[in-house]
Structures are given as structure tokens and as C-alpha cells.
Amino acid sequence: MTGPRCRRKHRPSGRQGQSGARASKHPTPETGWTARRGSVAAGGGTEGQDLPSQFKLRNPAAPAGDFVQLPVPIIQQLYHWDCGLACSRMVLRYLGQLDDSEFESALRELRLTKSIWTIDLAYLMRHFGVRHRFCTQTLGVDKGYKNQSFYRKHFDTEETRVNQLFAQAKACKVLVEKCTVSVQDIQAHLAQGHVAIVLVNSGVLHCDLCSSPVKYCCFAPSGHRCFCRTPDYQGHFIVLRGYNRATGCIFYNNPAYADRMCSTSLSNFEEARTSYGTDEDILFVYLDS
């Protein structure tokens with residue numbers, strides 16, 4: 001197997017608008033509830049609107065950084081396997097670096113298929129010249145995952161490829177670290193206007209605003225019911241975009257949806273991102289790329 005191409009490409013700037021979002025009780029980048037890039041939230045929505053408590057403006061006397069909500073655009077995934085790619089599109093658009101044709105070209109150059117690992121997303125960020133930091137608990141593939149239903153199908157073919165990406169990361173200027181990340185580390189990152197892509201167990205993660213959880217195990221056509229049972233582990237990528245210290249929640253974009261921002265408690269988020277199978281993978285992405 002040949003190694004990945006490490007050539008850095010320069011990408012044009014300029015955001016593209018999001019269209020077709022349905023009305024929802026969830027705040028979106030278009031509602032005016034979000035702050036400008038790199039600052040804590042300062043907008044207020046429609047006068048007199050009864051917003052959920054976690055989205056209400058922070059107390060003016062509270063320390064800066066207690067409430068952060070970044071205007072990260074929402075892009076929905078198209079298939080059951082491309083949540084990581086949808087998250088990457090959100091991040092690149094937030095940074096003003098997303099061009100759809102060049103994004104597709106990058107996928108071909110990096111030989112990304114239907115099995116996407118966090119290390120693939122780190123290489124994708126490097127390809128676009130985006131400053132990043134990939135933190136994980138395992139520098140390679142945990143052999144214990146071979147027995148998990150989520151990984152079993154592609155494990156034998158993916159193990160060598162993924163381990164090779166980790167081995168060549170330094171030479172390709174992909175920043176990977178084996179380290180533990182705290183909630184405080186994540187909040188400090190978001191408070192600077194930066195964002196992060198996080199691998200979570202979707203069977204554990206639940207949005208406090210959504211009426212019913214999405215079943216990621218089966219993306220059936222619209223109108224078809226899903227009879228799948230929730231597996232022990234179901235990997236899913238989300239984009240972190242803010243938090244509210246007062247209510248103890250964290251804001252994120254779930255690529256399963258096209259019309260909403262989601263919110264969950266810090267305790268639920270921690271449980272979902274530290275579940276066995278995630279390796280506690282988190283890809284920090286920096287605004288000053």
C-alpha cells in the first residue's frame with residue numbers, strides 16, 4: 001500500500017450560504033442568536049421571544065467566556081458513513097475555506113472511502129492548510145475493536161491503512177498527540193473562537209432539545225421506519241460550537257440534521273466522548289489557519 005500524499009494545498013476563501021433549512025425550535029446560524037466569529041455570544045434573537053434557558057443571554061456581570069456560541073454552519077450528512085466528512089465541511093466553511101469541487105478532489109487525493117477515521121479528518125485538515133491538533137488515547141488502531149460490531153466489518157482491511165497514517169503523521173505535518181483532554185481544555189478552545197470535531201458514541205449522546213434520538217445505525221429513505229436496535233457502540237462525529245457554564249451544557253452541530261443546533265449536558269457529553277470505541281478522539285481546529 002502506498003502512503004498518503006502530504007502536499008499542502010492553498011484554498012480560496014469565502015463562505016457559501018446555507019439554504020433550505022426548515023423552521024425549528026433549535027437555534028441556527030441564521031437566527032441571530034450567535035456571536036460573531038471568535039467572540040462570546042452577544043445576540044438576542046427576536047424581542048420578547050421565549051428562548052430555552054440555555055440560549056438566553058448571559059448575565060452582563062458574568063465573566064467573559066461563560067457563554068460561547070459560535071456561528072458554525074450546519075451541513076447534513078448524505079449517507080450513514082459520511083458524518084466525519086460533513087463535519088469537516090462545516091469546519092472548513094466556518095473558516096471560509098470550503099469549495100465543494102476542491103473538497104471532492106481532496107477526498108480522491110487522500111483516497112478516502114466509506115470508512116472514515118479521525119486520523120483521516122486530521123489529514124484532510126492538513127491538506128487544506130488548516131492548523132489542527134488531534135488528541136487521542138491510542139496512536140493507531142486498538143486491536144480490541146476487532147470484536148466490536150461497529151468496527152468488525154472493515155477492521156482487517158482498515159487496520160494496516162490507519163496504522164500507516166499514524167506512522168507517517170509527523171512526516172506529513174499532521175499533528176497527533178496521545179493525551180487526555182478535559183472539559184476545561186475544550187471550553188478554553190471554544191472561548192477563543194476555535195472549533196473541534198469530536199468522536200462520540202451516538203448510542204449514549206442525546207440532545208436535550210430533540211424530541212427523539214436519531215438512530216444512526218440505519219439511515220433509511222425518508223418515510224421508512226428503522227427497526228435497528230442500539231448497538232453497544234456506534235461511532236459518530238459532531239462539531240462543537242459553544243457552551244453555557246451557567247446551565248452546564250455544551251452546544252454542537254449534529255450532521256444527522258440540517259436545520260438545528262443541538263445541546264446536551266456536560267455529563268452526557270463526557271459519557272458519550274469517553275465511551276470505549278472513541279479513544280477519546282478530538283480534533284481541535286484553529287480559527288487562525
Side-chain angles (χ1 to χ4, degrees), residues 26 74-91 112-122 124 134-138 140-159 161-162 181 186 196-222 224-241 249-283:
H26 297 69
I74 301 169
I75 298 177
Q76 189 174 31
Q77 64 191 93
L78 301 177
Y79 311 99
H80 71 279
W81 54 267
D82 68 333
C83 55
L85 299 184
C87 288
S88 297
R89 287 179 184 269
M90 295 186 214
V91 168
L112 299 185
T113 58
K114 294 182 179 181
S115 181
I116 304 296
W117 295 59
T118 317
I119 188 68
D120 290 314
L121 305 185
L124 190 57
F134 171 27
C135 297
T136 182
Q137 292 297 302
T138 307
V141 177
D142 186 334
K143 289 186 177 295
Y145 294 166
K146 186 174 184 177
N147 299 319
Q148 286 200 335
S149 59
F150 180 79
Y151 289 102
R152 188 179 302 129
K153 182 178 180 180
H154 300 287
F155 189 90
D156 291 335
T157 57
E158 287 293 279
E159 182 181 17
R161 183 187 75 84
V162 172
V181 176
I186 294 172
I197 299 176
V198 182
L199 179 62
V200 298
N201 182 354
S202 66
V204 173
L205 184 71
H206 63 82
C207 175
D208 293 332
L209 303 178
C210 297
S211 57
S212 60
V214 171
K215 292 187 178 297
Y216 303 100
C217 53
C218 178
F219 272 71
S222 178
H224 290 247
R225 294 182 62 189
C226 174
F227 296 96
C228 302
R229 293 188 303 170
T230 302
D232 293 334
Y233 169 77
Q234 189 71 23
H236 188 62
F237 289 104
I238 60 174
V239 179
L240 301 187
R241 56 180 292 181
C249 67
I250 193 155
F251 306 134
Y252 62 96
N253 286 358
N254 185 340
Y257 298 109
D259 62 349
R260 67 194 67 183
M261 182 187 74
C262 288
S263 172
T264 192
S265 66
L266 288 176
S267 59
N268 178 248
F269 170 66
E270 281 294 277
E271 183 182 3
R273 80 175 184 94
T274 59
S275 294
Y276 180 71
T278 67
D279 276 326
E280 298 185 26
D281 284 3
I282 180 167
L283 179 59

Could you please spell out the steps behind the side-chain contact (heavy atoms from CB on, under 4.5 Å) verdict for T118 and T136?
CA-CA 9 Å; T118 317; T136 182; over 6 Å; no
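- Inter-residue side-chain proximity for Y257 and I74 is flagged as unmet; no heavy-atom pair is nearer than 4.5 Å.
- Contact annotation: the side chain of W117 never approaches that of L199 to less than 4.5 Å [non-hydrogen atoms, C-beta and beyond].
- Between D142 and Q137 there is no side-chain heavy-atom pair separated by less than 4.5 Å.
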Apply side-chain contact (heavy atoms from CB on, under 4.5 Å) to the pair Y252 and V198, showing each step before the final yes or no.
CA-CA 10 Å; Y252 62 96; V198 182; over 6 Å; no
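- Atom CD1 in I197 sits 5.5 Å away from atom SG in C87 (nearest 0.5 Å).
- With N268 contributing its side chain and S265 its backbone, the two residues share no donor-acceptor pair below 3.5 Å.
- Taking each heavy atom of Q76 and A256 in turn, the nearest pair found is NE2-O, 2.9 Å.
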Set out, in order, the CA-CA distance, both residues' side-chain angles and the distance that settles side-chain contact (heavy atoms from CB on, under 4.5 Å) for N253 and R241, then state yes or no.
CA-CA 7 Å; N253 286 358; R241 56 180 292 181; 2.9 Å; yes
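- The shortest distance between side-chain heavy atoms of F237 and L283 does not fall below 4.5 Å.
- When side chains are defined from C-beta on, I186 counts as touching R273, because their heavy atoms get closer than 4.5 Å.
- The two residues Y276 and Y233 come nearest to each other via the heavy atoms O-CD1, 3.5 Å.
- Considering CD of E271 and CG of L205, their distance stands at 9.5 Å, rounded to 0.5 Å.
- At distances below 3.5 Å, at least one donor-acceptor pair connects side-chain atoms of N201 with backbone N or O atoms of Q234.
- The minimum heavy-atom distance linking S275 with V204 is given by the pair OG-CG2, 4.0 Å.
- The closest side-chain heavy-atom distance from C210 to R260 is below 4.5 Å.
- Using a 4.5 Å cut-off on side-chain heavy atoms (C-beta onward), L121 and I116 make contact.
- Remark: side-chain polar atoms of T264 are paired, donor with acceptor, to backbone N or O of H206 under 3.5 angstrom.
- A distance of 8.5 Å separates CD1 of I238 from SG of C262, quoted to the nearest 0.5 Å.
- Annotation: the span from M90 atom CE to L85 atom CG amounts to 11.0 Å, rounded to 0.5 Å.
- With respect to the salt-bridge test (charged N to carboxylate O, under 4.0 angstrom), the residues D120 and R161 qualify.
- D279 contributes no side-chain N or O that, together with a main-chain N or O of D281, makes up a donor-acceptor pair within less than 3.5 Å.
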Can you list the steps and then say if H80 with K114 is a side-chain contact (heavy atoms from CB on, under 4.5 Å)?
CA-CA 9 Å; H80 71 279; K114 294 182 179 181; 5.9 Å; no
